[in-house]
Amino acid sequence: MFDDWRRDAVRKVDPPRAVVVRLSQVWPSDRLGWGRDTPLWVRAAGMEVRTEVPGLLHTWVLSSVGRWWPWVTFTVRSSNGELEFEVDQLVPAEAVRPVE
C-alpha cells in the first residue's frame, strides 16, 4: 500500500533549456543604507545585479515546503565589463523565464 510513496524531488531538464535570469530577483539590487552614496569605483567594478542575463536551466529541485527551485548556470559581469564569472546555483523560480 505504501510502497510507492516517494516522488522525485529533482527533475532534470535534458537537454538544458535556454532561459533569461533576472539578477535583481536573485540578489538584492539596493544599495547599502549606511553610506551616502555608492563610490564610483564600486559602481564600475562591482557585479552588475540590475540586468537580465542568458542562462541554462539544468534541473528543478523541490524544497521541503513544496516550492520548486530552478538550478541554472549563467554568467555575471562587472559594470565596466572587465570581470566575469560563471555562476551555477539554485535561484527563485520567479527570477527565471524561458527564452522567447
Side-chain angles (χ1 to χ4, degrees):
M1 176 174 171
F2 295 105
D3 293 341
D4 193 22
W5 66 273
R6 290 176 38 155
R7 300 285 185 252
D8 288 336
V10 175
R11 295 188 179 163
K12 286 195 146 301
V13 177
D14 191 26
R17 184 172 183 186
V19 294
V20 175
V21 180
R22 284 181 219 96
L23 297 181
S24 63
Q25 291 184 313
V26 177
W27 301 301
S29 60
D30 52 332
R31 280 192 307 113
L32 292 175
W34 50 264
R36 284 196 57 201
D37 194 15
T38 306
L40 182 58
W41 76 269
V42 173
R43 287 184 278 165
M47 174 176 69
E48 179 56 65
V49 295
R50 296 172 293 180
T51 61
E52 293 185 341
V53 296
L56 284 177
L57 170 64
H58 299 281
T59 305
W60 285 96
V61 179
L62 183 62
S63 74
S64 63
V65 296
R67 183 174 181 184
W68 286 96
W69 290 77
W71 181 356
V72 296
T73 302
F74 54 95
T75 300
V76 179
R77 291 178 179 79
S78 62
S79 295
N80 62 12
E82 290 183 11
L83 301 172
E84 73 175 42
F85 57 94
E86 190 172 86
V87 178
D88 188 28
Q89 73 176 56
L90 294 170
V91 300
E94 44 290 340
V96 175
R97 66 178 167 79
V99 170
E100 299 170 355

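When a residue number appears, it is its place in the shown sequence, counting from 1.
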*Which residues satisfy the side chain to side chain donor-acceptor pair (under 3.5 Å) test with Thr51, sequence neighbours excluded?*
none
*Taking the side chain as every heavy atom from C-beta outward, state whether Trp27 and Val91 have any atom pair closer than 4.5 Å.*
no
*Among all residues two or more places apart in sequence or in another chain, which pass the side chain to side chain donor-acceptor pair (under 3.5 Å) test with Gln89?*
none
_With rounding to the nearest 0.5 angstrom, report the CZ to CH2 distance, Arg67 to Trp60._
10.0 Å
*Between Val53 and Leu56, is there a shared hydrophobic cluster once you connect ILVMFWY residues whose side-chain heavy atoms come closer than 4.5 Å?*
no
_Looking only at the side chains, is there a donor atom on one of Ser79 and Glu48 sitting less than 3.5 Å from an acceptor on the other?_
yes
_Under the salt bridge (charged side-chain N to carboxylate O under 4.0 Å, His left out) test, residues paired with Arg17 that sit two or more places apart_ = none
*Please name all residues satisfying side chain to side chain donor-acceptor pair (under 3.5 Å) with Ser78, sequence neighbours left out, ordered by chain then number.*
Asn80
*asked:* Assigning hydrophobic clusters by single linkage (Ile, Leu, Val, Met, Phe, Trp, Tyr; side-chain heavy-atom cutoff under 4.5 Å), is Val26 placed with Val49?
replied: yes
*Name all residues meeting the salt bridge (charged side-chain N to carboxylate O under 4.0 Å, His left out) criterion together with Arg97; count only those two or more places apart in sequence or in a different chain, and write none if there are none.*
Glu52
*Going through the distances and angles, do Thr75 and Val87 end up as a side-chain contact (heavy atoms from CB on, under 4.5 Å)?*
CA-CA 6 Å; Thr75 300; Val87 178; over 6 Å; no
*asked:* Can you tell me how far apart CG (Leu23) and CZ (Phe74) are? Round to the nearest 0.5 Å.
replied: 6.0 Å
*Do the rings of Trp71 and His58 sit parallel, tilted or perpendicular, given the 30° and 60° boundaries?*
perpendicular
*Find out whether Phe85 and Arg77 are in side-chain contact, i.e. whether some heavy atom of one side chain is under 4.5 Å from a heavy atom of the other.*
no
*Can you hop from Val21 to Val13 via hydrophobic side chains spaced under 4.5 Å?*
yes
*What residues form a salt bridge (charged side-chain N to carboxylate O under 4.0 Å, His left out) with Glu100, not counting sequence neighbours?*
none
*4.5 Å side-chain heavy-atom contact, Val61 and Leu90*: yes
*Is there side-chain contact between Leu57 and Pro16, with heavy atoms separated by less than 4.5 Å?*
no
_Heavy-atom side-chain contact between Val19 and Val72 under 4.5 Å_ = yes
